[in-house]
Each structure stands twice: as structure tokens, then as C-alpha cells.
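One structure is given below, encoded as C-alpha cells.
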Amino acid sequence: MSIDVTSVTAVKWYWRGDKAWEPFSDAMCLKLENAYAAGRETVKADKERFVDLSLKLAELKKNFAKIDCKDNEFVGLQRRYDDESKRRAVKRDVGNQFFKGVSVFLALDDTEDVTRVLKTYGATISKSVGARTKAVITQKGDANNFTDELDKALEMDKKIIGLKWVVNSVKAGDCEDIEEDEYQFSYKSKKAEQEKEKKPVASKKRKKEASSSDEEPKHKKQKISDEKKEEKKEEKKEKKEEKKDNNKNGGKKTSVDAESSGLPVMIYVPSEWMGVCSYDGGQEDFPFKMHVASLKGKDITGTITWPTLGNAKTKIRGKIEGNNFSFEEYEAIFNGDEVQIPSYYSGLISAGGKVIKGKTVGEAGSDDEDDATFQLDLVEEEESSADEPLIPKITADAKFEGKYFTESPFTLKISKRKGDLVEGTISWKHQQCKTKFKGTVTAQGLKFEEYEVISQEDDKKSSPRAYHLHRNFLFRFRVQGRRTIWTRNE
């Protein structure tokens, strides 16, 4: 069932009473708005009156030389059927431009009504899916005609949403959050499906289905499975015995025991991890990337991407208890056919929180185990040289050089952009001053220079720490949820 965006409006219509502007009913506002959009000249108000929308502004002002509304709001007259010379001014008030700053691409066969509604409240319609596109709007039946644009949106991690977002936003008179599940449009990449047909990709997670003559007898499989379980039980038993021996040996612990001691470790948030999931003793390797997005108490959330599985992307959630890290892939974001959802993992954090090793397991709470192991390594932004000692030798004649950094909170506001050129203001909290800047958007970030002080507290002007202009900055930033985190290089 298609959604009709003309079934709602946030535009308010009024007729001029003797003392004030009187509002039309909500139903009449919708009727007038749709008639106005369709270019109709008259709209019936009731048995005695109608609204005349046929006149231009100059003609309207001839009827009312002085009118207390903006020119772009004065759109018509309310007249009587029995005497059209009796008239009242009619105004149209769009109100809040709640879509202002939102750029969308319409993957729709018929865009006329949707375009009008979106532009009425300030939205920009993209001609193609690009960097500035916030979302792609489509609906069932139309999506198949825009596979190239929708595939591009998935590759660029843009949201694909339905028309319900437009309707609900207009109803609320506010821009609804496109992240909400109810607005997401389920779309599978046609490009990935075509690639898959050309060259089948071994899926690390796809459940193995029984195939013809190559299938082993069930009783043989069961026997092998039982043998593996017995081997794993023996391994666990040996590890327990090893721990007992180490504890007896003067309380000393081996490196393995130290890692599994249950002491808490630090996980950086947000952080990126790279690793490999290996099946059948390393006969099949699948590289993957893990992004840890949040940590609340012991609970972690994030995503995993599988580059060799059509860039399949999934959501994860997990728990850290001591050095143990267990997590599950519970929802597919992209190319869900390539992976099995849900999938469960259990690992051990080591190397000071920089390495995670573990294995895939059965469903949460079960003792079943899969045949895969994995290792993840923390991707660090800066790595020290291999020759550089981690702990410097501190002696009486030692000399060290360093830099002292002071955090300085600020608010940066971009007021104008033309191409890659931007202008704006910065408010510095500690310096209690406000400056103007101009700069350029580059692939690395925002490069700019402050060139004028707009305001500064009187007691700061004569201070030795008065603000200095003409400093060059390069701001790099990353988005975490709805927060943007900036780092500054001078």
C-alpha cells in the first residue's frame, strides 16, 4: 500500500477577521493546501463562502492596501457566493522549516508531490546520491527502478527510508529521526547479488546444507562430533590442572593464567579492530573489521564488516567481564544473505587490551561449539618505533624533551559554504572571546585561519594570554552517534 504525502500538512491557513487572523480548521487547511499546490483558482469553504486563489499579489493589494502579513503569505481572498464584493484576506503560513539543511535523493517513479512537500518545509532534493545526501527515499514497487542509486547509497552508508518518514515529520511539524527502525526501507544490493551469481563466495557463516552423494552418513558425523567434544573436554581438564600447578608453585602464574585471571582490561571507545576468522584449522580464512561504538558498564555495541563476503555488515552487542569478551552478531545492516544471523563469539582480551583471541560458539548459554577461531588486533592511530624503548631509563643525568598541552573548549559554527570554501565563527570558553575564521574543506578535514576577533572580555584584552590571531588549524573529525569529536593540529 503506497503512502500519500498529500494526506497531511503542517501549513496553516487563516482569514482576516475584524480584529485578528482567524484559523481555518485542520481539514480546511489540508484542502486549501492541496488546491493551492494543484493551481486551482477556487475552493469551497462552506455553503455561503469560497476562497479565491486566482489573483496575483498586485491585484490582492488593490483590495487591501494595508494588510498585516508578509507578501509571500498573502495568497487569496474569501468571498461570499451571493455577493463576491464582500471579501476577507486569506494568508498561508508555512511556519517552521523543519527540513531545512536536509538533502535527500528521491528513488521514486512519481516525485512531484513528494518534492513539493519536502521543499515546502525547506528540504533540498539531490540530483544524485552524493556526500551531502542525508538519505534516499523510496517505496515498494519503485526501488527496482533505482538499483544503481540504491546500491551507491549502501556503499556510502546512507540511510534508505520510506515515505512514512515524510508523513510523520509533517504530522509532528518536526524532522523525525531517520535512524528510527520504523522508517528503514529493506533493500538488498542488486550489484552484490549479480557479483555473487558470477562468482560464488564461500560464506563463512552459511549453514551447510546436505548435498547429494558427498554427504557423510549421520552416524559417522555424530561419532566425529562426539570425538571432538571429548578432545575439547580433555584440553579444558589439562588447563585446569596447569593452573593448579602454577598456583602451588609459589603462587606464580603463567602468561596464559595471567591473561585469564579476571582482572579488568581497558577497551578504547570508539575503536577499530582488524582480524581473521579461520575455519577448518585455517583452510578457510575470512578477514573482518570490528568497530566498537559504545561501552556502557560491561555492555558493548558496534558493527562488523566482512570485506570478502560482499562487504556484508552486521550489528554486534556483547559483554566484557574481566578479560573475557563475549559478543553476538544479531542484525544484518548490508548483504545479510552472506552471513548467518545470529552468530556467537567468545574471546579473551590480552596484550593490555590490544588483542582479542577466541572462537565461535553455539547459541548464547549453550555448550555447543563451532569449528572456527578468530583473532582481532587493535588498530592504533600512532605506533611507536620498534627501536624505541617503551619505558625510558630514568637516571640522575637523564634529559627528556616534551610538550605540554592544555585543552581549550570551543564551539565552531559554520555560517557560509561555497564549494570547498567555508566561513564562520569560533567561541572560546576559557579565553572568553569570539573570532571569525575562513578556510577550506579538504580530504583530511577542515583547514582554516582565524582572522578577526569579534568580541573579547575587557579584562582579557590586557592579559598576557590575550588571544592571538592568524594561527593555522587543521581539524580532523569523526562522528560517534550524534556527537562529532574534533581534534586540532596547529
Side-chain angles (χ1 to χ4, degrees), residues 1-17 20-46 49-55 57 60 67-78 88-108 110-126 132-139 142 159-185 482:
M1 182 179 177
S2 61
I3 295 176
D4 183 9
V5 296
T6 65
S7 63
V8 292
T9 187
V11 177
K12 300 298 181 184
W13 288 71
Y14 301 85
W15 58 275
R16 191 63 172 87
W21 287 97
E22 302 292 341
F24 284 99
S25 67
D26 290 344
M28 189 61 189
C29 284
L30 179 60
K31 185 177 179 181
L32 286 166
E33 183 63 20
N34 286 333
Y36 179 78
R40 288 173 53 190
E41 294 188 346
T42 61
V43 183
K44 182 178 179 181
D46 53 35
R49 303 170 186 83
F50 68 95
V51 176
D52 181 0
L53 299 173
S54 65
L55 304 178
L57 181 62
L60 291 170
I67 191 73
D68 55 341
C69 72
K70 298 175 182 177
D71 285 353
N72 63 347
E73 294 178 344
F74 191 11
V75 295
L77 302 173
Q78 181 173 268
R88 302 273 190 176
V90 172
K91 77 170 183 176
R92 172 180 177 265
D93 183 7
V94 174
N96 182 21
Q97 295 272 288
F98 48 83
F99 283 146
K100 190 174 182 179
V102 177
S103 180
V104 297
F105 176 80
L106 302 180
L108 300 166
D110 184 2
T111 62
E112 184 178 355
D113 289 335
V114 183
T115 298
R116 173 183 61 79
V117 171
L118 289 167
K119 285 188 173 181
T120 295
Y121 307 108
T124 302
I125 310 301
S126 303
R132 296 185 184 181
T133 307
K134 186 172 184 179
V136 175
I137 299 175
T138 191
Q139 66 178 351
D142 292 354
K159 290 294 180 183
I160 301 177
I161 56 178
L163 286 170
K164 188 177 181 181
W165 173 75
V166 180
V167 172
N168 283 7
S169 294
V170 174
K171 280 182 180 178
D174 194 12
C175 183
E176 293 282 288
D177 186 359
I178 62 170
E179 302 283 344
E180 293 292 333
D181 290 341
E182 64 176 311
Y183 302 134
Q184 306 311 305
F185 184 86
R482 295 185 183 178

At their closest point, which heavy atom of [X] faces which heavy atom of [Y], and how far apart are they?
X      : Y      : result
Thr9   : Leu30  : CG2-CA, 3.7 Å
Ser126 : Ser103 : OG-OG, 2.6 Å
Gly76  : Leu53  : CA-CD2, 4.3 Å
Ala107 : Thr138 : O-OG1, 2.8 Å
Ile161 : Ala135 : CD1-CB, 3.9 Å
Glu176 : Tyr183 : OE1-OH, 2.9 Å

For the atom pair [atom1] ([X]) and [atom2] ([Y]), what is the distance rounded to the nearest 0.5 Å?
X      : Y      : atom1 : atom2 : result
Glu182 : Asn168 : CD    : CG    : 5.5 Å
Asp177 : Trp165 : CG    : CH2   : 10.0 Å
Lys159 : Gln184 : NZ    : CD    : 4.5 Å
Lys164 : Ile137 : NZ    : CD1   : 14.5 Å
Asp113 : Leu118 : CG    : CG    : 11.0 Å
Phe105 : Thr111 : CZ    : OG1   : 9.5 Å

Inset, instruction - Can you establish whether the number of heavy atoms outside Lys31 located under 6.0 Å from its atom NZ is more than 12? - result: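 Count over threshold, so yes.
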Inset, instruction - Using ring-ring contact (aromatic ring centres under 6.0 Å, His included) as the criterion, point out the one residue from Tyr36, Phe24, Phe74 that pairs with Trp13. - result: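 Output: one option passes, namely Tyr36.
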So [Y] and [X], do their side chains get closer than 4.5 Å, heavy atoms only?
X      : Y      : value
Arg16  : Asp68  : yes
Leu108 : Leu163 : yes
Cys69  : Trp21  : yes

Inset, instruction - Evaluate the ring planes of Tyr121 and Phe98, with Trp represented by its six-membered ring, and classify them as parallel (under 30°), tilted (30 to 60°) or perpendicular (over 60°). - result: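 Ring orientation, 0 to 90° scale: parallel.
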State whether the side chain of [X] and the backbone N or O of [Y] hold a donor-acceptor pair below 3.5 Å, judged by distance alone.
X      : Y      : answer
Glu33  : Met28  : no
Gln97  : Thr120 : yes
Asn34  : Thr6   : yes
Lys119 : Ile125 : no

Legend entry - Lys/Arg-Asp/Glu bridge criterion (N-O < 4.0 Å) met for Asp26, Lys12: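 Yes, Asp26 and Lys12 are salt-bridged.
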